[in-house]
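Note sheet for the following structure.
Proteins come first, then strands; the chains are lettered A, B, ... in the order of their sequence lines, and each starts at number 1. No experiment lies behind these values; they were computed from the predicted model shown.
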There are 2 protein chains.
Amino acid sequence: MFTPQPTTTARRSPLSREEVLHAAIRLADEGGIAELTMRKLADKLGIQAMSLYHHVANKDELLDAMVDAVFREIEVVTENAPWKPAMRQRAVSARQTLLRHAWALGMMESRANPGQATLECHDAVLGCLRRAGFSVALAAHAFSVLDSYIYGFVLQELNLPFQNPDDLQRVSGSILQNLPADTYPHLMEMMTAHVSQPGYAYADEFMFGLDLILDGLEQALGVRTQPDGCVALTGSG
Amino acid sequence: MFTPQPTTTARRSPLSREEVLHAAIRLADEGGIAELTMRKLADKLGIQAMSLYHHVANKDELLDAMVDAVFREIEVVTENAPWKPAMRQRAVSARQTLLRHAWALGMMESRANPGQATLECHDAVLGCLRRAGFSVALAAHAFSVLDSYIYGFVLQELNLPFQNPDDLQRVSGSILQNLPADTYPHLMEMMTAHVSQPGYAYADEFMFGLDLILDGLEQALGVRTQPDGCVALTGSG
DNA sequence: AAGGTAGGGCTTACGGCGTAAGTCTGTCAA
DNA sequence: TTGACAGACTTACGCCGTAAGCCCTACCTT
């Protein structure tokens, strides 16, 4: 009753696919991926659920586009930069981006349709490595090990039951109390002697592993490039 | 009509929580995690959906238990074994297990309630490292970098649009045809000159990165253990 | 100016989901 | 014999994604 379409003209302004995409990302950032339903997304945009389907084919396509948008946020500075700081900086940026959009990693597992930004990102990384003298095979190795590390680290970081050092103190304290002391002795030692110390933050572990990998790649590169290598440690098995 | 409860006695046999758990894992293994619904799981067990709630509190608890069951499958052989082959073997086993249960990784992101098997697995790894002379801090570093790598590698592996070399040939071929040749030149080079070559399998990349990390850890350990170290390459920042 | 078209809203409806709440029945201890 | 209880079943609710179709209005053509 009372014919509720006076707002039609006002609402009729824009609403592009881009807006839908960004609203979806904002919704997932704020409430987790489970909060992202077509109805709630429509609500947030002030329209009905079915109207979304004028802008995206279906929810799956929307999710694909969201993942690609995340890749677009990762900074890849490769112009004339030495490969090691470039890769280091990209790893840091990738980690920050994936933490900012905690839902993104979990979605990568299930969708195999890389978007344009994803491909561009990968191409830039490979280009940086090739320009630095990596063989095609070594570039593939480097790409694989670096991305695996980044994704895996963030996956573990997201899996932690705390997001900041204060949480950590509280959580580890409560775990310590609830567990019989000798069931997991080494886990216990790790918590009491290391993790629960003031100043510890799991995020700091990122740089250790990243530099370990970059140094390893540098050696692998050097073994090929300068054959006087007194350090040839790669490959143990 | 014809009062359909004659089977009551026959059906009344067991159905323990264990059976529910394993049926759930089998269902998820076969059809993906989306196929695992309480109704379908009940169907498979020959009961009604609501009867499952006598054995699990809710679906979330079931998912937690499933993840823990996956950790139980990872072989951790640390008894009197040198740390390097022990960690290597555990990494291989973890990768195989996570590939066998492709749904497990995607679930880890969202649940922060480690089960008994999970904690045992972590404790065994830490124990192995500590016995080998790793300091608490270095053991934490090692644990972080190894698990990050394993999880991330499997995540990428699952993300690939192919599961075996034959698929790869076909997929990379079709991508090559559909793309303008100069949009992603380095990606293109990687595919034509390396990935699409006979004998290439992404799975083989796993060992390169794994050994790179293990060698890096060995150096980090050596720098502390034997102070004559002419090789001190860790940390570049 | 008049009319046609189509973009982008809206409504209705369907089958599937997790699960709250309650019922029925066979088994076993007292 | 009886009463409690474990473990099945039934019903129902409010979510979900989306198929199908309607209808208004801005714009383009004539």
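Ring geometry for B/H141 against A/F208 counts as parallel: the plane angle stays under 30°, on a 0 to 90° scale with 60° as the upper cut. Ring pair B/H122/B/F143 is perpendicular by interplanar angle, where above 60° counts as perpendicular and below 30° as parallel.
With no hydrogens or angles considered, no side-chain donor-acceptor pair links A/Y184 and B/Q116 at under 3.5 Å.
In this structure, B/E75 contributes its side chain and B/R90 its backbone to no donor-acceptor pair below 3.5 Å. The backbone N or O of A/F206 lies less than 3.5 Å from a partner atom in the side chain of A/Y149, making a donor-acceptor pair.
One finds no side-chain N or O of B/H55 lying less than 4.0 angstrom from the OP1 or OP2 phosphate oxygen of D/dA6. Between A/S51 and C/dC10 there is a side-chain N or O to OP1 or OP2 distance below 4.0 Å.
With salt bridges taken as basic N to acidic carboxylate O contacts below 4.0 Å, one links A/D68 and A/R72.
Between the side chain of A/H54 and the base of C/dG7 there is no donor-acceptor pair of N/O atoms closer than 3.5 Å.
Put simply, CG on B/D60 is 11 Å from P on C/dG18, counting in whole angstrom units. What separates CD of A/Q48 from C1' of D/dA19 is a distance of 16 Å, to the nearest Å. The separation between A/L41 atom CG and C/dG9 atom P is 12 Å, rounded to whole Å. The CD1 atom of A/I47 sits 12 Å away from the P atom of C/dT11 (whole-angstrom rounding). In this structure, CG of A/L45 is placed 13 Å from C1' of C/dG8, rounded to the nearest angstrom.
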Can you pull every protein N or O that's under 3.5 Å from an N or O on nucleotides 12-17 of chain D?
{"from": "D/dC16", "atom 1": "OP1", "to": "A/T37", "atom 2": "OG1", "distance (Å)": "3.0"}
{"from": "D/dG17", "atom 1": "OP1", "to": "A/M38", "atom 2": "N", "distance (Å)": "3.3"}
{"from": "D/dG17", "atom 1": "OP1", "to": "A/K59", "atom 2": "NZ", "distance (Å)": "2.7"}
{"from": "D/dG17", "atom 1": "OP2", "to": "A/M38", "atom 2": "N", "distance (Å)": "2.9"}
{"from": "D/dG17", "atom 1": "N7", "to": "A/R39", "atom 2": "NH2", "distance (Å)": "2.4"}
{"from": "D/dG17", "atom 1": "O6", "to": "A/R39", "atom 2": "NH2", "distance (Å)": "2.5"}

